[in-house]
Protein chains: 2
Amino acid sequence: MCKASNVKSVSLDTLFELSEFFKFFGDTTRIRVIHLLLSGEMSVSAIAEKLNLEQSVVSHQLRILRTANLVKPTRDGRKIYYALDDEHIGEIFNTGLAHILHKKKG
Amino acid sequence: MCKASNVKSVSLDTLFELSEFFKFFGDTTRIRVIHLLLSGEMSVSAIAEKLNLEQSVVSHQLRILRTANLVKPTRDGRKIYYALDDEHIGEIFNTGLAHILHKKKG
DNA sequence: TAAATATATGAACAACAATTCATATATACA
DNA sequence: TGTATATATGAATTGTTGTTCATATATTTA
């Protein structure tokens, strides 16, 4: 028998995946990259320059995001342009941002 | 001159806070606690029992969430009941969950 | 094909975070 | 007041993660 509740029960497995998913947003470098890509695709070198980061730092973090299918690379010549690959990313980013901004106002 | 964009620019400082905020959701233990508290307040021992975790593990993680004002303790006798302290938490949890569930379906 | 440019990646290192264990604090009750 | 119960916390340990540095791969162009 289940207790009545308005909150859906979530499997242990899904909760684990959920925490893994939030981890992608839980790093300054990655969140800056995500924020940048919200405005559109950008090459690795452009990202590095814009964020004032070493190229290898950006590449390493892009690999993490790419492996998780959060960003998608497209090669053009010797440049590789990265774009957000999931329509939910902006929504999650903005939900968190709304919280932070709301908190700042007191 | 600014380039036209539909995406709000966010300060470095705010992006850092945002990533720090998402970190709270980026741990299995904490996300399980948060999920549990979505149904209502619960004592430390009840949380530990329900999640099959050591009491000190739960207390340590609750301290992290408490310090960030994500949960709020209320003492009743020798028990301390924890409840979610921020109305946005459920929203963020559900936004992430929707993404995970959507992904699972393919 | 050689040089230059753009990106990726492996290994080492450093920083950080979660758990464990022991113990401290606080409350209730006999 | 002494004991039991509930929770918190510090220290040590372990596991994880991000960065750095060196180098590899891929593409373009001279």
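Order of the sequence lines sets the chain letters (A, B, ...), proteins ahead of strands, with each chain counted from 1.
- Summarising the geometry, the separation between CD1 on B:Ile80 and P on C:dT27 is reported as 9 Å, rounded to the nearest angstrom.
- When rounded to the nearest whole Å, the span between CD of B:Glu20 and P of C:dA17 equals 7 Å.
- A salt bridge is defined here as a Lys NZ or Arg NE, NH1 or NH2 lying under 4.0 Å from an Asp or Glu carboxylate O, and A:Asp13 with B:Lys104 meets this definition.
- Regarding contacts with the backbone of D:dA8, a side-chain N or O of B:Arg66 is found under 4.0 angstrom from either OP1 or OP2.
- B:Tyr81 comes within 4.0 angstrom of nothing in the nucleic acid, heavy atoms only.
- Taking CZ from B:Phe16 and OG1 from A:Thr29, the interatomic distance works out to 10.5 Å, rounded to the nearest 0.5 Å.
- Listed candidates were D:dT7, C:dA8, C:dG10. Nearest to the side chain of B:Ser59 is D:dT7.
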Worksheet entry | Nucleotide-resolved protein contact map, nucleotides 25-30 of chain D, B/S/- at heavy-atom distance under 4.0 Å | --BBS-
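- With rounding to whole Å, A:Glu54 atom CD is found 18 Å from C:dT9 atom P.
- When the side-chain nitrogen and oxygen atoms of A:Tyr82 are compared with OP1 and OP2 of C:dA6, none of them lie within a distance under 4.0 Å.
- Taking 3.5 Å as the limit, the base of D:dT17 and the side chain of A:His60 contain no donor-acceptor pair of atoms between them.
- The phosphate of C:dT19 has neither OP1 nor OP2 within less than 4.0 Å of any side-chain N or O from B:Arg63.
- Look at A:Thr29 and you'll find a side-chain N or O under 4.0 angstrom from OP1 or OP2 of D:dT19.
- You'll find that the side chain of A:Ile64 is closest to D:dG18, out of C:dA18, D:dG10, D:dG18.
- As a whole-Å value, the separation of B:Leu65 CG from C:dA18 P is 10 Å.
- Heavy-atom nearest nucleotides on DNA chain C were determined for A:Val57 and for B:Asp27, and the one closer to the 5' end corresponds to A:Val57.
- Of the charged side-chain nitrogens involved, none lies within less than 4.0 Å of a carboxylate oxygen, so that A:Lys72 and A:Glu41 do not count as a salt-bridged pair.
- Closest non-hydrogen pair, B:Ile34 versus B:Phe24, comes out as CD1-O, 4.4 Å.
- Looking at the side chain of A:Ser43, the nearest of the listed nucleotides C:dC21, C:dT7, D:dT19 is C:dT7.
- Taking the six-membered ring for Trp and thresholds of 30 and 60 degrees, A:His88 and B:His102 have ring planes more than 60 degrees apart, a perpendicular arrangement.
- By the side chain to side chain donor-acceptor pair (under 3.5 Å) test, A:Glu20 is found to be paired with A:Lys23, residues two or more places apart in sequence or in another chain being considered.
- Checked by atom type, the side-chain pair A:Tyr82/A:Arg66 shows a donor-acceptor distance below 3.5 Å.
- Atom CG in B:Leu62 sits roughly 13 Å away from atom C1' in D:dA6 (whole-Å rounding).
- The NE2 atom of B:His99 sits 9.5 Å away from atom CZ of A:Phe22, with the distance rounded to the nearest 0.5 Å.
- For D:dT17, neither phosphate oxygen OP1 nor OP2 lies less than 4.0 angstrom from any side-chain nitrogen or oxygen of A:Gln61.
- One can find a donor-acceptor pair under 3.5 Å joining the base of D:dA8 and the side-chain atoms of B:Gln55.
- Computed from coordinates, the A:Glu49 CD to C:dT5 P distance equals 15 Å when rounded to whole Å.
- Considering only side-chain atoms of B:Lys23, the nucleotide from C:dA17, D:dA8, C:dT20 that sits closest is C:dA17.
- Comparing D:dA6, C:dA11, D:dG18 against the side chain of B:Ser45 picks out D:dA6 as the nearest.
- Comparing C:dT19, C:dC21, D:dT7 by their closest approach to the side chain of B:Lys79 singles out D:dT7.
- Rounded to whole angstrom, the span from the CG atom of A:Leu53 across to the P atom of D:dT19 amounts to 8 Å.
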